[in-house]
Amino acid sequence: MQPGAIGSRFAMELARRDLAFPAGHCPSVALGGYLLSGGLGWNSGLWGVGCASVLEITVVTADGAVLRCTEEEHPGLFWAARGAGPGFFAVVTGFRLRLQRRPTALATTSYVFPLAAVGPVADWATETARELPRAVLARNTASWQLPILPWFDQDSPGSPMNLSSESGDRMDLW
């Protein structure tokens, strides 16, 4: 696999073949940056971090040598490449990756609670997450709703949220 391949495009190509790979949180990041930085992602709990699925890398060293690196060949370079990030001291020109079968089902759910319930909800979410199978990703986030402001135009078409000031300036929030 080429290091410049974009994660979302790679995932789509794999899906067409009923395959999958530990996906990163940001779909626009190239595989090289994602894997060299460790590869933390959505399904790390099930398949491990992305760099754990790297079976082999091809690198060009500072002296121009092209090396195939695995756990057996040039194991120091292979070890360093899986998490070194931008500090890796060679140029990776290719990855050989362990792929997974594509999951047969994906689901998401959201629950909304008042901010005043943050303590009991956080306790419940923590306990629930501990009991979930490894294949289930539990992500807890907290946010709050902004009050309706006089210059808030919630009926304006064209974007999910439009803000306009009294002077007529407009800001689209995506």
Check your understanding: Which residue pairs pass the salt bridge (charged side-chain N to carboxylate O under 4.0 Å, His left out) test with at least one member in residues 31-45, sequence neighbours excluded?
Key -> none

Practice item. Would you list the pairs meeting salt bridge (charged side-chain N to carboxylate O under 4.0 Å, His left out) in which at least one residue belongs to residues 77-94, sequence neighbours left out? Key: none

Minimum heavy-atom separation for [X] and [Y], please, with both atom names.
| X | Y | answer |
| --- | --- | --- |
| A15 | R102 | CB-NE, 3.7 Å |
| H74 | C69 | CB-SG, 3.8 Å |
| G41 | S44 | N-OG, 2.9 Å |
| A30 | P3 | CB-O, 3.4 Å |
| G85 | S37 | CA-OG, 3.8 Å |

Tell me, please, which residues at least two apart from [X] pass side-chain hydrogen bond (donor to acceptor under 3.5 Å, both in side chains).
| X | answer |
| --- | --- |
| R96 | E56 |
| T58 | none |
| T93 | none |
| D123 | none |

Study note, to complete from the structure: Sorted by chain and number, sequence neighbours left out, side chain to side chain contact (heavy atoms under 4.5 Å, CB included) with E127 holds for R130, E131

Exercise for review: Could you pull out all residues at least two apart from R16 that satisfy side chain to side chain contact (heavy atoms under 4.5 Å, CB included)?
Suggested key: E13

Exercise for review: Sequence neighbours left out, what passes salt bridge (Lys or Arg N to Asp or Glu O under 4.0 Å) with R101? Give chain and number order.
Suggested key: none

Review point. Can you name the salt bridge (Lys or Arg N to Asp or Glu O under 4.0 Å) partners of E71, sequence neighbours left out?
Key: none

Check your understanding: Residues sharing F88's hydrophobic cluster, by side-chain heavy-atom contacts under 4.5 Å among ILVMFWY, directly or via others?
Key -> M1, F10, L14, L19, F21, V29, L31, Y34, L35, L36, V54, I57, V59, L67, L77, F78, F89, V92, F95, L97, L99

Exercise for review: Output the rest of the hydrophobic cluster of W79: all Ile, Leu, Val, Met, Phe, Trp and Tyr residues reachable through side-chain heavy-atom contacts under 4.5 Å, sorted by chain and number.
Suggested key: none

Point to revise | Rounded distance (nearest 0.5 Å) linking atom SG of C51 with atom CG of L40 | key: 8.0 Å

